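All values reported here derive from a predicted model rather than from experimental measurement. Lettering of chains follows the sequences in order, A, B, ..., and the numbering in each one begins at 1.
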Number of protein chains: 2
Amino acid sequence: MKVTTQLEYGLCCIVALARLQVGDPASASDIAQSEKLPRQYVEKLLCRLKRSGIVRSVRGAKGGYLLARHPSELTVRDICDALDGGAYKLICEEESMRTKRCIPVSADGRCSLRFVWTELGSVINSYLGTVTVDALLSDGSCHTGKETPYQRPCTAGV
Amino acid sequence: MKVTTQLEYGLCCIVALARLQVGDPASASDIAQSEKLPRQYVEKLLCRLKRSGIVRSVRGAKGGYLLARHPSELTVRDICDALDGGAYKLICEEESMRTKRCIPVSADGRCSLRFVWTELGSVINSYLGTVTVDALLSDGSCHTGKETPYQRPCTAGV
DNA sequence: CCATACCCGACTATTTTTGTCAAGTTTTGC
DNA sequence: GCAAAACTTGACAAAAATAGTCGGGTATGG
Ligand code: FES
Ligand code: FES
């Protein structure tokens, strides 16, 4: 399990945009250059980010991209959702897998592993939802250096 | 980001082994058949699980595999570590990426995104470490149906 | 009207993952 | 001892996912 470069690059672009929080828009080439990324790939990513309403664009000469929201109201999760269609996808979301495994594995029609994977998904999304782009700007300040353990919210009873 | 089938299959095998918690070992073919998985792939996975000390093997006729530890002392995380070399890998762990991105991105030699990805890693590993194979056996009993939010352990001050 | 820059789908290339093969080694039962 | 069962292993092939490119379009400011 690994973050895709799409995500890394996309997030880089967003951070770059957020840093330039001036009035006039930054062009895709500018961003690509400053982040040392392939220009056409950046365009593609920004295009998708636009469709999800994360960035706005201004066409024509002197045009470019702008953040659509304030960095403090934009989480890493939002960007994941826009780019990958979610940071985390269930393995059996694809039709082929679902019929091959999820259903037939256990008698009552449920893969006994399913809850682990769905819980994992919500843990991931939930964490990424706590990280704002704002926090990324102040480099390192958000990093506590401590472990960030997961606390099971409901161990006892049930 | 998605769980690999390696993991899904591997975990299935482990659960199958745990269910058969009798004295004599189960052969790879048995497991493959009961879980409807390709035999040779199962063999390969079990082999790796063996090297990490998750399962034991008995060679020769009537041989097969056994869990090396009690299901209550075996977490999903252990299995991830054995199979994928960890459930989660940092994108810039590979040499090529590291020199291309992680280092040069910010002035002090640190990608400003790095802490998100490392924290994400610890959140994932930490969660998977709370789920024992034991819990998987009692199908559904561990599933609370509720959300399992991530609570940032240290928001204030710092 | 032209240079800039967004828009977009189709396409290729690369890498990763998945799965197979074939040739071993070890042990049991007869 | 020998044959059959079953683990061991690395190399290889197939498939899928990801990364990245191309080329043509459209809008806009000067
Ligand atoms: S196949 Fe759906 S969770 Fe296992
Ligand atoms: S490249 Fe290492 S975290 Fe961004």
> Does the side chain of B:Tyr41 get closer than 4.0 angstrom to OP1 or OP2 of C:dC21 through an N or O atom?
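No, B:Tyr41 has no side-chain N/O under 4.0 Å of OP1/OP2 on C:dC21.
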> Any N or O donor-acceptor pair linking the side chain of A:Arg59 to the base of D:dT26 at under 3.5 Å?
yes
> Rounded to whole Å, how long is the line connecting atom CZ of A:Arg48 with atom C1' of C:dC7?
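After rounding, the reported distance stands at 14 Å.
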> What's the CG-P distance between A:Asp24 and C:dC6, to the nearest Å?
13 Å
> Hey, does B:Leu136 have a side-chain heavy atom less than 4.5 Å from the side chain of B:Leu11?
yes
> Rounded to whole angstroms, how far apart are NZ on B:Lys2 and P on C:dT17?
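Rounding to the nearest Å, NZ of B:Lys2 and P of C:dT17 are 11 Å apart.
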> Could you pick out which residue, A:Lys62 or A:Gln6, lies toward the 5' side of DNA chain D when each is mapped onto its nearest nucleotide?
A:Gln6
> Would one find a side-chain N or O of B:Thr5 under 4.0 angstrom from OP1 or OP2 of C:dG19?
yes
> Check whether any side-chain nitrogen or oxygen of A:Ser57 sits under 4.0 Å from OP1 or OP2 of C:dC7, and answer yes or no.
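A:Ser57 to C:dC7 OP1/OP2: side-chain N or O found under 4.0 Å.
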> Looking only at the side chain of B:Arg51 (C-beta and beyond, no hydrogens), which of the listed nucleotides D:dC7, D:dG10, D:dT21 gets closest?
D:dG10
> Could you state the atom-to-atom distance from CD of A:Glu43 to P of D:dG25 in whole Å?
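It works out to 16 Å between those atoms.
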> Return the nearest nucleotide to the side chain of B:Lys44; candidates are C:dT27, C:dT20, C:dC8.
C:dT20
> Any donor-acceptor pair under 3.5 Å linking the side-chain atoms of B:Thr75 with those of B:Asp78?
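On atom types as modelled, these side chains qualify, holding a pair under 3.5 Å.
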> Side chain of B:Ala61: nearest nucleotide among C:dC8, C:dT28, C:dT26?
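Out of C:dC8, C:dT28, C:dT26, the nucleotide with an atom closest to B:Ala61's side chain is C:dT28.
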> Among C:dT20, D:dT21, D:dC7, find the nucleotide with the atom closest to the side chain of A:Pro38.
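Output: D:dT21.
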> Rounded to the nearest angstrom, tell me the gap between atom CE in B:Met1 and atom P in C:dT17.
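Distance check: B:Met1 CE to C:dT17 P gives 14 Å.
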> Round to the nearest Å and state the distance from B:Tyr9 atom OH to C:dT20 atom P.
10 Å
> Take A:Leu128 and A:Ile79, measure what side-chain contact (heavy atoms from CB on, under 4.5 Å) needs, and give me the verdict at the end.
CA-CA 10 Å; A:Leu128 292 176; A:Ile79 292 149; over 6 Å; no
> For B:Arg39 and for A:Leu46, locate the closest nucleotide of DNA chain C by heavy-atom distance; then report the residue assigned to the nucleotide nearer the 5' terminus.
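The answer here is A:Leu46.
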> Please report the distance, rounded to the nearest Å, between CD in A:Gln40 and P in C:dC7.
15 Å
> Across the strands shown, which category fits A:Arg56 at heavy-atom distances under 4.0 angstrom: base, sugar-phosphate, nothing?
nothing
> Starting from P on C:dT15, measure out to NZ on B:Lys89 and report it in whole angstrom.
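Taking NZ of B:Lys89 and P of C:dT15, I get 17 Å after rounding.
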